[in-house]
Amino acid sequence: MTRRGLLPHLPDRRVVRVRWGDKPLRFPIPGELLEREISGQRIETIDRRAKYLLLRMSNKAVLVIHLGMTGRLGLFPAASPRERHDHLRLLLDNDLELRLNDSRRFGSVEVWPGKHAREMEDDFSSSRGLEPLERGFTGEALAHLATGRRQPVKNFLMDSRRVAGIGNIYANEILFAARIHPATPVNLLDPEQWEQIAGATPEILRAAIRAGGSTISDFLGSSGKPGYFQLQLSVYDRAGDPCPHCRSPIEKTALGGRATWFCPSCQGMKPQG
DNA sequence: CGGCGCACCTGAGTGC
DNA sequence: TGCACTCAGGTGCGCC
């Protein structure tokens with residue numbers, strides 16, 4: 001979504017100056033690399049892998065940005081006042097500034113130098129999971145990834161090494177749509193249930209993207225809100241509310257230290273086999 | 001190795 | 001009004 005908002009603005013722009021703050025995000029901001037590899041370069045394209053944005057520069061360097069939980073990217077007139085928690089500013093050759101604001105600093109900024117970008121990206125990408133919006137995201141593939149495991153299916157969906165880009169909100173929504181109890185151990189899921197998950201996942205994510213649908217005007221001067229702000233959620237944060245399907249009260253529990261919601265009636269666990 | 005618990009961080013919300 | 005406390009979520013580390 002952020003990528004879609006930035007796409008009309010960044011490619012073919014040159015970065016004329018980079019400024020960054022002292023406070024580390026997940027990692028310290030690599031100022032020296034930003035100066036050496038990013039400053040002065042033209043932005044060629046923007047890609048996404050898992051929840052990481054990849055800004056590909058004309059010198060083959062890649063600026064890798066993760067928004068964490070509270071991170072937002074926005075385009076602002078260069079002269080506009082900085083805000084609290086602005087950590088990175090890329091001044092472009094049209095007097096707009098791309099700013100990364102992240103109050104909780106769970107995000108990250110990384111630079112893959114042009115000379116090593118290819119191998120660093122290969123390493124990076126090979127340690128990430130299946131992309132839900134790409135071909136190959138099938139029930140069969142998911143079942144294969146879960147082979148030999150017995151963790152709760154919700155934890156599995158949120159494990160970024162297996163499946164990319166599914167956070168707590170969407171894991172809850174996907175399992176509701178697939179009518180599967182979030183605590184079900186993955187080794188107990190049958191092929192049909194994996195297909196349900198494989199089908200529901202892109203639907204939920206696309207709905208979120210559509211709901212968030214950042215337009216050009218949304219993006220200028222402010223930064224977009226995450227899709228779920230406008231997405232109709234069925235179970236997430238809805239403890240006690242009636243299930244949209246059967247009106248049973250939604251229940252809340254915890255899995256892997258994360259709040260978990262489900263409909264006890266629609267998402268009954270399969271009997272142990 | 002698999003799986004779990006937890007830390008990281010700030011702001012919003014709640015209760016007294 | 002103000003303070004203390006809890007909780008939220010993405011990711012990776014450390015421990016069993």
Side-chain angles (χ1 to χ4, degrees), chain A residues 1-3 20-30 48-54 64-73 82-88 99-110 120 123-132 142-176 182-189 201 204-205 208-209 212 223-231 233 235-241 250-262:
Chain A
M1 195 175 75
T2 296
R3 175 177 166 271
W20 62 93
D22 291 334
K23 285 195 171 181
L25 306 182
R26 285 186 64 81
F27 319 105
I29 295 175
R48 180 192 59 76
R49 176 74 172 100
K51 290 184 175 173
Y52 296 80
L53 275 177
L54 311 180
V64 185
I65 295 177
H66 192 287
L67 297 180
M69 294 182 42
T70 49
R72 293 171 307 154
L73 281 169
R82 300 174 54 184
E83 282 182 33
R84 187 166 153 79
H85 304 308
D86 279 349
H87 297 291
L88 177 66
R99 296 179 178 174
L100 172 63
N101 184 284
D102 186 359
S103 60
R104 293 179 67 178
R105 294 193 274 128
F106 279 14
S108 63
V109 172
E110 207 180 333
M120 291 178 85
D123 283 354
F124 171 81
S125 202
S126 65
S127 59
R128 312 284 136 187
L130 213 54
E131 288 286 345
L142 290 172
H144 179 69
L145 285 169
T147 303
R149 296 165 208 286
R150 9 186 88 231
Q151 72 196 129
V153 62
K154 176 164 177 271
N155 299 25
F156 171 80
L157 288 178
M158 292 177 66
D159 183 344
S160 61
R161 291 163 307 176
R162 315 287 161 201
V163 184
I166 299 180
N168 196 32
I169 292 167
Y170 300 130
N172 281 290
E173 295 296 312
I174 288 163
L175 290 171
F176 174 75
T184 312
V186 287
N187 58 312
L188 298 187
L189 293 174
T201 299
I204 297 282
L205 294 182
I209 291 169
S223 29
K225 291 182 157 110
Y228 59 81
F229 267 77
Q230 283 137 74
L231 185 68
L233 298 176
V235 291
Y236 179 84
D237 200 20
R238 285 191 168 277
D241 287 4
I250 298 301
E251 286 186 12
K252 180 184 181 182
T253 178
L255 272 177
R258 284 291 183 258
T260 302
W261 292 264
F262 64 99

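Order of the sequence lines fixes the chain letters, A, B, ..., with proteins taken first and strands second; residue numbering starts at 1 for each chain. The figures here come from the full heavy-atom set of this structure, side chains too, leaving out hydrogens, waters and symmetry mates.
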Requested in this report: Please state how far atom CG in A:L53 lies from atom P in C:dG10, giving the value in whole angstrom units.
Outcome: 15 Å

**Report entry** Spatial distance of atom CD1 (A:I65) from atom CG (A:L53) [nearest 0.5 Å]
**Finding:** 6.5 Å

Requested in this report: Measure the CE-CG distance between A:M158 and A:N155 for me, rounded to the nearest 0.5 Å.
Outcome: 7.5 Å

Report summary line: Rounded to whole Å, CD of A:E110 lies from P of C:dT11 at a distance of 13 Å

Could you go over nucleotides 13-16 of chain C and give all protein N or O partners under 3.5 Å, atom names and distances?
none

Report task. Please confirm whether the backbone N or O of A:D102 pairs with a side-chain atom of A:H87, one donor and one acceptor, at under 3.5 Å? Result -> yes

Query raised in the report: A:R128: what forms a salt bridge (Lys or Arg N to Asp or Glu O under 4.0 Å) with it, not counting sequence neighbours?
Result: none

Report task. Any chance you could measure A:N172, atom CG, to A:K252, atom NZ, to the nearest 0.5 Å? Result -> 10.5 Å

Requested in this report: Please report how far the helix from B:dG2-C:dC16 to B:dC16-C:dG2 bends, comparing the axis fitted to its first five pairs with the axis fitted to its last five, to the nearest 10 degrees.
Outcome: 50°

**Report entry** Nearest-angstrom distance from the residue atom CG of A:L145 to P of B:dG3
**Finding:** 13 Å

Query raised in the report: Taking A:R149 for the side chain and A:N187 for the main chain, is one N or O donor matched with an acceptor at less than 3.5 Å?
Result: no

Query - Distance below 4.0 Å between A:R150 side-chain N/O and B:dG2 OP1 or OP2 - result: no

Query raised in the report: Going by number, which of residues 151-162 of chain A have a non-hydrogen atom under 4.0 Å from DNA chain B?
Result: A:Q151, A:P152, A:N155

**Report entry** A:K51 side chain, from C-beta outward: closest of C:dG12, C:dG10, B:dG3
**Finding:** C:dG10

Query - Distance below 4.0 Å between A:K252 side-chain N/O and C:dA8 OP1 or OP2 - result: yes

Report summary line: Per-nt protein contacts along nucleotides 5-13 of chain B (heavy atom under 4.0 Å; B base, S backbone sugar-phosphate only, - none) come out as ---BBBS--

Report task. In sequence, state the C-alpha distance, the side-chain angles, and the governing distance for A:R49 and A:E131, and then conclude on salt bridge (Lys or Arg N to Asp or Glu O under 4.0 Å). Result -> CA-CA 8 Å; A:R49 176 74 172 100; A:E131 288 286 345; 2.7 Å; yes

Query raised in the report: Going by the salt bridge (Lys or Arg N to Asp or Glu O under 4.0 Å) test, which pairs reach into residues 150-167 of chain A, not counting sequence neighbours?
Result: A:D159-A:R161, A:D159-A:R162

